[in-house]
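Written out below as structure tokens is the structure these notes cover.
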Amino acid sequence: MLKDKEFEIQMQFLEEATDYLNTLEGVLLEFDGNNSIALEKINAALRAAHSIKGGAGMMGFRALSDLAHRLEDSFKVLKTKKNSLEIDTQLQSLLLSGVDWLRQIVELQ
């Protein structure tokens, strides 16, 4: 009975993680080509990555938590360096790749 409840909670988290991944992807795809992402978008991405990191850690999904932590750190850098860090298509591509890896991990679970 307890295992069934744990499994149900894990499945619910993975569904929520998919929503957070969609948020991350949406923020990155809204990159305006002017070498910047709006601060409110960076904050939304930070919250999404943070939620995945924390939830995955609590659920025992270590790889998911670790990668989400790295992505969260990347958005923190973007936030603190927003006026001096050039955001180009290569950086956008790398961040989207991180989101794709997270999505693959979620799908494997």
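All of these numbers come straight from a predicted model, not from anything done at the bench.
Rounding to the nearest 0.5 Å places CD of Q92 at 6.5 Å from CG of L29. Remark: S97 OG to L28 CG distance equals 11.0 Å, nearest 0.5 Å. Atoms CG and NZ, from N43 and K79 in turn, are 4.0 Å apart once rounded to the nearest 0.5 Å.
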Return a table of donor-acceptor pairs under 3.5 angstrom between the side chains of residues 62-75 and protein atoms on other chains or two or more places apart.
residue	atom	partner	partner atom	Å
S65	OG	K53	O	3.0
E72	OE1	K53	NZ	2.9
E72	OE2	H50	ND1	2.9
S74	OG	R70	O	3.1

Considering only distance and modelled atom types, tabulate donor-acceptor pairs under 3.5 Å from the side chains of residues 9-21, sequence neighbours left out.
residue	atom	partner	partner atom	Å
Q10	NE2	M59	O	3.4
T18	OG1	L14	O	3.1

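Partners of E40 according to the salt bridge (Lys or Arg N to Asp or Glu O under 4.0 Å) rule, which considers only residues two or more places apart in sequence or in another chain, do not exist here. By the side-chain hydrogen bond (donor to acceptor under 3.5 Å, both in side chains) test, N22 is found to be paired with R103, residues two or more places apart in sequence or in another chain being considered.
Residues L91 and L78 are in side-chain contact: their nearest non-hydrogen atoms beyond the backbone lie under 4.5 Å apart. Using a 4.5 Å cut-off on side-chain heavy atoms (C-beta onward), I52 and V106 make no contact.
Nearest heavy atoms, A44 versus V27: CB-CG2, 4.5 Å. Contact detail for L24 and A48: the closest heavy-atom pair is CG-CB, 3.9 Å.
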